[in-house]
Each structure stands twice: as C-alpha cells, then as structure tokens.
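Working notes for the structure below.
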Amino acid sequence: MAGHSQFKNIMHRKGRQDAVRSKLFSKLSKEITVAAKVGGPDIDGNPRLRLAVQNAKAQSMPKDNIQRAINKSQAGDADTYEEIRYEGYGPGGVAVIVEVLTDNRNRSASNVRSYFTKCGGAMGETGSVAFMFDRVGEIVFKPEVGDADSVLETAIEAGADDVQSDDDGHTILCAFEDLGDVSKALEADLGEAETIKAIWKPQNNTEVDEEKAGTLMKLIGMLEDDDDVQNVYTNFEVSDEVMAKLTAA
C-alpha cells in the first residue's frame, strides 16, 4: 500500500478541518497568484492558471478569493514568490521531494532542513532523489463519476497511461506534457476533476515498519503545515497491518 496518499487521508480525517481548509486555501491562492504573474491573468490563455483555478474550485474555494489572488498578481507591490524544490531522505532511507513557493529562500531552507533533522532524516542536494521519481500528470475524480471500468475506458480514449480506482475515487495518470490535453478530454466526458496537477511519482517504493512509518507521518505533517510548502512526495510503502494500526491511533 503506497504510504503518502493514505497518510494524507488519515490526517485529514482526524479533524482540524477548518485549519486544514484555511491553509489549503492559502496555498491554492499562492499558486494562482504565481501562475497569473508568470503567464498573465487570462485564464483561457494561461494553462497553468486554468489548472490552478480549477483545483481551487474543486476545493470549494470562493470565487472572490480566486479573483483576489489573480488581482494580486497584477499589483505593483505583489510578493515575488520563488519556486524551489528540496530533496532528501527520511527515516528508513525513504526519498522525499518538497516543492516550495516562498518569498524568503533562507527561511524556507532553514525550516525544511529542521523538519528533516527533527525526524531523523537529512536534506540532500537538488537531484539527489529526483532520479527515483517520474514527473507525470495526475487527474483525480470523485468516485461518483462512474465505475472503474467506464472510467478506465474513458481515460484510455483520452490518452491516459494508467488508472487507479478505489473507494476514494479515480486517479488517472498521463505523460507530463499531455496533462492539459488529457484533462480537457476527460472533462468533456466526466465533468470537472477534483484535482489536476503535475506530480512526482516514485518508480519504486521503500517498505517501512510501524515505527518508521509513524515518524514519516510526523515529518510529512510538519512539512505540509509549513505555509511555504506546496507539495510533498515520498516513495514509502506500508503493509495493510501497519496502516490499520496507524489509522486506529
């Protein structure tokens, strides 16, 4: 069982819903602002902005918040955010990729390094673990859009490479460069996706025991609670037995 997505579900089920939603809106707003600043405020003419707005809508972010984030990108005093990727190893030699949008590189580097250190991990150089991942497009739909077979058929016709369906929904993977075209084709048949984004998909997973899994969960939680961190990717795997214990904890 791939660890990180399962842990995210557990963490979100455990409560703090308002705080989680507020932090999510803040991160979505930052991505919208950066996308609009880089490629312009026209949603139709800016693929990155279109995806950012679509993801925000899927998370029920109010239209006023979305427009405010776009407007901020055009303001003369808009914050200048820098996109940085940090890489390192967590407990058990698990590879970790951290994507950051920050207006203070030194603060972000110091914070991320401290999280790794507190959890028995270590930050590495850029490229030190990225070679163990593939950059791919990920499109997620809610379970009610269709059964596994019909979604698989639709995804294949749209040009996707893989589909994983379970009780939480349908996760469709495609080549990174095809993300825009595949997502448009899927939207025509399945409606709006829950999320559309480029991700780092591990080529192989590293299995960890309960103790290391618990520490990794702590590390991921600390990283995702940081306002500068946009995304965290790992390559760890846990058994169903360990996952059940962590879910019950």
Side-chain angles (χ1 to χ4, degrees), residues 1-13 24 28 31 35 47-48 50-59 85 87 90 92-99 127 129-208 213 216-217 220 224 230-240 242-243 247:
M1 180 177 289
H4 188 188
S5 61
Q6 295 294 329
F7 276 147
K8 285 190 75 171
N9 290 338
I10 293 168
M11 290 165 69
H12 288 182
R13 286 191 199 113
L24 176 62
L28 289 168
E31 170 59 23
R48 178 173 174 178
R50 181 176 180 274
L51 291 182
V53 169
Q54 192 165 349
N55 284 332
K57 287 180 177 177
Q59 298 299 328
R85 187 179 80 234
E87 302 176 28
V94 168
V96 183
I97 293 178
V98 185
E99 292 182 332
V129 304
F131 70 93
M132 292 186 272
F133 295 75
D134 294 319
R135 191 66 165 159
V136 301
E138 179 192 76
I139 307 155
V140 178
F141 285 92
K142 293 180 179 177
E144 52 265 29
V145 300
D147 59 48
D149 289 339
S150 64
V151 171
L152 175 61
E153 186 175 338
T154 301
I156 291 172
E157 290 177 0
D161 296 327
D162 190 25
V163 181
Q164 298 163 2
S165 297
D166 56 29
D167 293 342
D168 292 322
H170 309 279
T171 300
I172 298 168
L173 301 177
C174 66
F176 170 69
E177 58 271 16
D178 296 337
L179 181 57
D181 291 338
V182 173
S183 63
K184 282 182 184 177
L186 289 170
E187 185 178 349
D189 288 321
L190 301 177
E192 274 199 6
E194 195 170 7
T195 61
I196 304 170
K197 59 185 178 180
I199 67 164
W200 293 94
K201 180 179 180 292
Q203 296 166 358
N204 296 290
N205 289 318
T206 299
E207 186 159 356
V208 294
L216 278 162
M217 187 174 180
I220 292 167
E224 292 186 338
Q230 292 292 100
N231 299 294
V232 182
Y233 303 99
T234 66
N235 69 343
F236 75 91
E237 187 172 59
V238 292
S239 67
D240 290 337
V242 168
M243 184 60 71
T247 307

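Nearest heavy atom pair, residue H170 against residue S165, reads ND1-OG, 2.7 Å. L28 and A56 get closest at one heavy-atom pair: CD1-CA, 3.9 Å. The minimum heavy-atom distance linking A155 with V163 is given by the pair CB-CG2, 3.5 Å. Residues E194 and A58 share a closest heavy-atom pair of O-CB, 2.7 Å. Residue A213 comes nearest to V242 through the heavy atom pair CB-CG1, 4.2 Å, listed as atom of the first residue, atom of the second, then distance. Between G191 and F141, the shortest heavy-atom distance links the atoms O-CE2, 3.3 Å.
Using modelled atom types, one side-chain atom of E87 and one backbone atom of V129 make a donor-acceptor pair closer than 3.5 Å. In this structure a side-chain-to-backbone donor-acceptor pair under 3.5 Å is missing from D134 to Q203.
Distance check, rounded to the nearest 0.5 Å: CD of Q230 to CD of E99 gives 8.5 Å. Remark: E192 CD to L186 CG distance equals 13.0 Å, nearest 0.5 Å. Taken from CZ in F133 to CG in N235, the straight-line distance is 4.5 Å, to the nearest 0.5 Å. Interatomic distance, CZ of R85 versus CD1 of I97, reported as 6.0 Å (0.5 Å rounding). Residue L190 holds its CG atom at 5.0 Å from OG1 of T154, rounded to the nearest 0.5 Å. Taking CG of L173 as the start and CG of D178 as the end, the distance is 12.5 Å to the nearest 0.5 Å.
Side-chain atoms of N231 and I199, non-hydrogen and from C-beta on, never get closer than 4.5 Å to each other. Counting heavy atoms from C-beta outward, C174 and L179 have side chains that approach closer than 4.5 Å. Taking 4.5 Å as the limit, every side-chain heavy atom of I196 sits out of range of all side-chain heavy atoms of E187. Between D166 and Q164, every side-chain heavy-atom pair lies at or beyond the 4.5 Å cut-off.
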Q.
If you apply the rule side chain to side chain contact (heavy atoms under 4.5 Å, CB included), what do you find for E138 with T171, and how did you get there?
A. CA-CA 7 Å; E138 179 192 76; T171 300; 3.7 Å; yes
Q) After noting the C-alpha distance and the side-chain angles of V151 and I172, does the key distance pass the side chain to side chain contact (heavy atoms under 4.5 Å, CB included) rule? A) CA-CA 9 Å; V151 171; I172 298 168; 4.1 Å; yes
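More than 12 heavy atoms of other residues, nucleotides or ligands sit less than 6.0 Å from atom CD of Q59.
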